[in-house]
Amino acid sequence: MSGHLTCVVVAVDGSETSMKALRWAIDNVKLRSPSPEFPEGGSLVLLHVQSPPSIAVGINPGSIPFGGPSVEVPAFTAAIEAHQRRITEAILNHAMAICAEKNVTAKTHVVIGDPKEKICEEVDNLHADLLVMGNRAYGPIKRLFLGSVSKSCSNHASCPVVIVKGEGESGQTAETYNRE
C-alpha cells in the first residue's frame with residue numbers, strides 16, 4: 001500500500017485474528033518516511049478497547065442491592081479494573097512482541113467503552129489514514145445478539161478499513177472498505 005500513510009490504526013483485542021491483522025498490516029502497509037514536513041514519519045498505532053467494568057462482569061459493580069438501599073462496593077470495581085489492566089497489558093505486550101520481531105515501532109493506545117463506537121471515535125481523533133482489524137467470524141445467531149465490530153467499523157469509520165479474516169473462513173485473507 002502507499003508510502004504516504006501518516007497514521008495506521010490496528011485494533012487488537014487479544015484474539016488470534018486481531019494478531020493476524022497486525023501481521024498483515026506490518027507486511028503490507030508502508031508508512032510515510034520521515035521528511036522535513038513530517039519529521040516523525042508515519043505511525044502504527046495499536047488500539048485496544050477495554051469493556052467498562054460493568055460490562056466485563058455482566059452486572060453493575062457499583063452497587064449490589066441487599067433488599068434495601070444499595071451498598072457501594074468500590075473494592076469490587078477496583079478488582080475488576082485491575083484484572084482488565086492486566087489483560088490489556090498482556091494483549092499489548094503480545095502485539096508489541098510481534099512488532100519487535102519485524103523491527104517495527106508502534107505506539108499503543110487504550111480506551112474504555114463499546115468497541116464499535118470507540119474504535120471509530122479514535123480513528124477520527126488520531127486522523128487515521130487506515131484502520132486494520134480482524135474478523136472473529138461469529139455465526140449468524142451470535143452476530144445477531146453481539147453484532148459485528150468489524151462490520152460496524154466498516155460502515156462508520158472515517159477512513160478505509162481492511163478486515164483480515166480468520167483461519168477457516170472462505171475467500172480472501174483481507175477485505176478493504178473505502179469510505180468516501
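Only a predicted model underlies this, so the values are computations on that prediction, with no experimental measurement involved.
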Go through it in stages, so that I can follow the logic: the residues are L46 and I91, the test is side chain to side chain contact (heavy atoms under 4.5 Å, CB included), and I'd like the CA-CA distance, side-chain angles, deciding distance and then a yes or no.
CA-CA 10 Å; L46 307 177; I91 290 168; over 6 Å; no

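From C159, atom SG reaches atom CG of L5 across 10.0 Å, with rounding to the nearest 0.5 Å. In this structure, the separation between CD1 on I163 and OG1 on T17 is 12.0 Å, given to the nearest 0.5 Å. A distance of 12.5 Å separates NE2 in H156 from CD1 in I119, rounded to the nearest 0.5 Å. Here the CG-SG distance, from N125 to C120, works out to 11.0 Å after rounding to the nearest 0.5 Å. Between the OG atom of S158 and the NE2 atom of H127 there is a distance of 9.0 Å, given to the nearest 0.5 Å. For the atom pair CG of L47 and CD of E121, the computed distance is 10.5 Å after rounding to the nearest 0.5 Å.
Remark: T6 pairs with D129 by the side chain to side chain donor-acceptor pair (under 3.5 Å) rule, at least two apart or across chains. Residues forming a side chain to side chain contact (heavy atoms under 4.5 Å, CB included) with A21 (at least two apart in sequence, or on another chain): V132, V164. For E89, the side chain to side chain contact (heavy atoms under 4.5 Å, CB included) criterion is met by N93, not counting sequence neighbours.
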Table please: side-chain donor-acceptor pairs of residues 7-16 below 3.5 Å, with sequence neighbours left out.
{"unit_1": "D13", "atom_1": "OD1", "unit_2": "S15", "atom_2": "N", "d": "2.9"}
{"unit_1": "D13", "atom_1": "OD1", "unit_2": "S15", "atom_2": "OG", "d": "2.6"}
{"unit_1": "D13", "atom_1": "OD1", "unit_2": "S18", "atom_2": "OG", "d": "3.1"}
{"unit_1": "D13", "atom_1": "OD2", "unit_2": "R136", "atom_2": "NE", "d": "3.3"}
{"unit_1": "D13", "atom_1": "OD2", "unit_2": "R136", "atom_2": "NH2", "d": "3.1"}
{"unit_1": "S15", "atom_1": "OG", "unit_2": "S18", "atom_2": "N", "d": "3.1"}
{"unit_1": "E16", "atom_1": "OE2", "unit_2": "R23", "atom_2": "NH1", "d": "3.0"}

N/O donor-acceptor pairs under 3.5 Å from side chains in residues 95-111, not counting sequence neighbours:
{"unit_1": "K102", "atom_1": "NZ", "unit_2": "D27", "atom_2": "OD1", "d": "3.0"}
{"unit_1": "H109", "atom_1": "NE2", "unit_2": "E122", "atom_2": "OE1", "d": "2.7"}

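Side chain of K20 to main chain of K165: a donor-acceptor pair is present (N/O by atom type, distance under 3.5 Å, no hydrogens or angles). Judged by distance alone, with hydrogens and angles left aside, the side-chain atoms of Q84 form no donor-acceptor pair with the main-chain N or O of Q50 at under 3.5 Å. Panel note: side chain T88, backbone R85; no donor-acceptor pair is recorded below 3.5 Å.
A continuous path of ILVMFWY side-chain contacts below 4.5 Å connects V45 to V149, so both sit in one hydrophobic cluster.
Across all their heavy atoms, V49 and G113 have their closest contact at CG1-O, 3.3 Å.
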